[in-house]
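Owing to the predicted nature of the structure, the values given are computational and were not obtained by experimental measurement. Values reported hereafter were calculated over all heavy atoms of this structure, with side chains retained and with hydrogens, waters and symmetry mates removed. Every number for a ligand or one of its atoms is a count from 1 in the order of the listing.
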Amino acid sequence: AELYGIRNWGAGYFDITENGDVAIHPFGRGSNVAVSIPEVIRELKERGLELPVLLRIENILDSQISSLHNSFRDAISTLEYKGEYRGVFPIKVNQQQQVLEEIANFGSSFHHGFEVGSKAELIAAISQMRDHKACLVCNGYKDEEFIDLGLHAMRMGFNCIFVMEMGWELSTLLERAALLGVEPQIGVRVKLSAQGGGHWTASGGERSSFGLSMSQITDIIDTLKAQDKLHCLKLLHYHLGSQIPNIRSIRSAVQEASRVYAELVKEGAPMGYIDLGGGLAVDYDGSHTNYVSSRNYSVNEYAMDVVEAVMTTLDKQDIPHPHIITESGRAVVAYYSVLLFNILDVSKIEDGCVPEEIPEDTPEAIANMYEAYKSLTLRNLQEAYNDALFYRDEVRRMFLDGRVNLRQRTLADNLFWAITKAVAKLKDKLKIVPKELEEIDTALADIYYANFSVFQSLPDAWAIDQLFPLMPLHRLKEEPTRHAIISDITCDSDGKLDTFIDPKGEKPLLDLHPMKNGDEYYLGAFLVGAYQETLGDLHNLFGDTNVVSVRMYEDGSYEFVREIEGDTVGELLEYVEYDQRRIMEDLRSMAEQAVREGRITAAERYDLLQAFYAGLRGYTYFER
Ligand code: PLP
């Protein structure tokens with residue numbers, strides 16, 4: 001468990017069983033209920049569902065919503081805050097219907113609402129929401145149609161709030177509202193000077209592309225006053241960016257926003273809501289620090305700090321406490337999905353043969369390499385490694401010119417890897433390891449070929465080097481003796497994972513078990529429920545993976561509540577404008593021609609067409 005840090009990043013939802021399997025603890029710490037993931041995989045296979053599979057654990061989603069609300073309830077009652085907490089789920093973080101349905105159902109007891117940023121997201125939210133007390137926050141650029149949809153939602157009784165992101169939106173909103181005879185609820189999104197730190201800071205700060213400057217907000221107030229609509233101004237919103245690792249940044253932003261809120265009340269707006277946007281981070285690496293992939297606070301501390309900062313700022317000016325909205329997405333859904341995948345093959349640097357003596361006609365460059373190998377000691381490590389690199393390049397050039405033959409080239413390659421391996425072993429005895437030598441371990445790592453696409457399933461790992469916890473799902477009582485990087489099934493050299501969570505504080509590779517002949521080896525990528533599904537793309541035409549949702553019960557049983565088959569090859573081809581029927585028709589006429597020309601028989605034509613037909617219906621990933 002320590003090797004992979006599962007108890008640090010697992011938030012109590014994941015641990016290792018006595019048999020060495022990774023298990024899901026759907027009710028978190030303090031409950032003995034555990035379900036082995038390899039057991040779930042076995043059952044999936046019996047049902048004909050191949051890996052890769054995205055496994056969603058519904059209980060974890062429920063539990064994250066409860067924990068957020070409970071933290072705010074505790075903070076509100078401890079501090080005797082007068083407003084309430086109203087969470088909204090930002091749909092962009094995971095738009096899947098199933099996610100919205102679960103949040104709407106389970107969240108209704110807490111009046112958990114939705115935040116939307118487009119017409120499509122608004123319709124998705126309305127289609128799932130039943131709770132009229134929950135907030136429906138409309139951010140994003142709003143055209144007439146978007147505004148009309150929101151106004152109709154208000155007519156149906158939804159608590160819809162239109163947040164003004166740009167100055168020009170207000171006049172359209174007021175015109176459409178007057179036409180439809182609805183009194184709108186208006187919010188303003190402010191650009192704060194505070195900045196978040198972390199990967200996604202561009203959403204905050206005065207130069208951020210979103211939100212209104214103080215002078216634009218003043219203009220809005222003046223317009224509302226002039227049109228006798230100031231009573232519609234209900235909410236102040238800001239969003240500092242996602243995954244804010246440092247609680248200090250969060251506090252300063254809340255204080256600044258609370259000051260703006262107070263000024264809006266003083267201007268005569270009724271207000272009532274302060275919306276702090278997203279940013280509540282996930283501790284992906286389990287370090288509990290202010291690194292980009294972590295956070296230096298708990299959800300309880302977040303809630304306490306937020307409530308306290310709003311309260312102390314407003315109390316100084318005798319302003320009534322508003323309801324606090326947060327648009328936490330990542331923290332609500334990240335834990336809920338795990339990507340399960342299998343390893344297809346491993347590439348290792350084999351120990352090549354280095355002879356006792358080299359032939360007389362060996363070219364000088366190779367002879368020099370041999371000399372470097374024979375005379376390698378702890379003292380001349382760096383020099384020997386430099387020689388190996390230099391002569392390897394020289395031999396490659398000579399091979400191109402025809403001055404080195406195949407056998408000589410093989411000898412040179414073997415010598416190069418023999419030196420590199422010896423240097424890698426000896427370097428750990430050095431007090432200070434030179435930078436160049438540190439990289440040797442990665443060069444020598446095994447490559448485990450994995451049956452998934454980084455671009456489809458972990459796009460942030462590729463795009464912004466985000467770390468996700470990754471580990472074997474079984475065999476954890478055996479020592480993992482191999483050091484590896486992961487290469488995905490796409491033919492793209494960027495389709496790899498070569499940086500991992502590092503609980504021991506050394507520059508890590510992933511410790512994995514050697515493959516046993518014929519046995520499956522399963523790995524899991526954890527905490528992938530936020531952003532990854534919708535950002536994923538179709539590189540090399542690998543499509544959506546199979547998705548399975550499970551619900552677990554107190555007696556340790558579980559139920560597959562939903563299975564969604566991944567994209568088929570035919571569906572993927574349709575995404576890129578092919579027509580499956582047309583493909584089959586073309587194939588049929590090509591095959592017919594082949595029959596006419598005597599290249600295949602009519603029976604072979606049948607088999608061939610059946611194979612293509614089945615191919616179009618097949619999974620895009622590697623099937624055993
Ligand atoms: N609200 C807005 C306006 C956003 O742009 C985002 C995402 O960046 C969020 C909420 C969700 O943030 P997070 O996932 O950090 O909670």
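Atoms of ligand 1 found under 4.0 Å from any heavy atom of G329, numbered from 1 in the order shown, are 13 (P), 14 (O), 16 (O). Counting the atoms of ligand 1 from 1 in the order shown, those under 4.0 Å from a heavy atom of S328 are 16 (O). With ligand atoms numbered from 1 in the order given, ligand 1 contributes 15 (O) to contacts under 4.0 Å with heavy atoms of Q243. Of all the atoms in ligand 1, the ones that sit under 4.0 Å from a non-hydrogen atom of P90 are 10 (C), 11 (C). Here is the list of ligand 1 atoms found below 4.0 Å of a heavy atom in Y531: 7 (C), 8 (O), 11 (C), 12 (O), 13 (P), 14 (O).
E102 and R562 are not joined by a salt bridge, as no carboxylate oxygen comes within less than 4.0 angstrom of a charged side-chain nitrogen. Ion pair R295/D283 not flagged as a salt bridge, since none of the NZ, NE, NH1 or NH2 atoms sits closer than 4.0 Å to an Asp/Glu carboxylate oxygen. R7 and D15 are joined by a salt bridge, as a carboxylate oxygen and a charged side-chain nitrogen come within less than 4.0 angstrom of each other.
In terms of polar-atom proximity, R330 is counted as a contact of ligand 1, with an N or O under 3.5 Å from an N or O of the ligand. Note: an N/O pair closer than 3.5 Å links H239 and ligand 1 by distance alone. In terms of polar-atom proximity, E115 is not counted as a contact of ligand 1, lacking any N or O under 3.5 Å from an N or O of the ligand. Close N/O approach between L280 and ligand 1 is not found [any backbone or side-chain N/O within under 3.5 Å].
Residues satisfying the side chain to side chain donor-acceptor pair (under 3.5 Å) test with D222, not counting sequence neighbours, are none.
Of the inter-residue distances, the one linking C135 atom SG with Y273 atom OH reads 4.0 Å to the nearest 0.5 angstrom. F542 CZ to L572 CG: the interatomic distance, rounded to the nearest 0.5 Å, is 9.5 Å.
Within the structure, salt bridge (Lys or Arg N to Asp or Glu O under 4.0 Å) pairs that include any residue of residues 143-156 comprise K119-D143, K119-E145, E144-R176, D148-R176 (at least two apart or interchain).
For K133 (side chain) and D131 (main-chain N/O), no donor-acceptor pair under 3.5 Å exists by modelled atom type.
Contacts of S242 with ligand 1, taken as heavy-atom pairs under 4.0 Å, involve both backbone and side chain. Only the side chain of K92 comes within 4.0 Å of ligand 1, counting heavy atoms alone; its backbone N, CA, C and O stay farther away.
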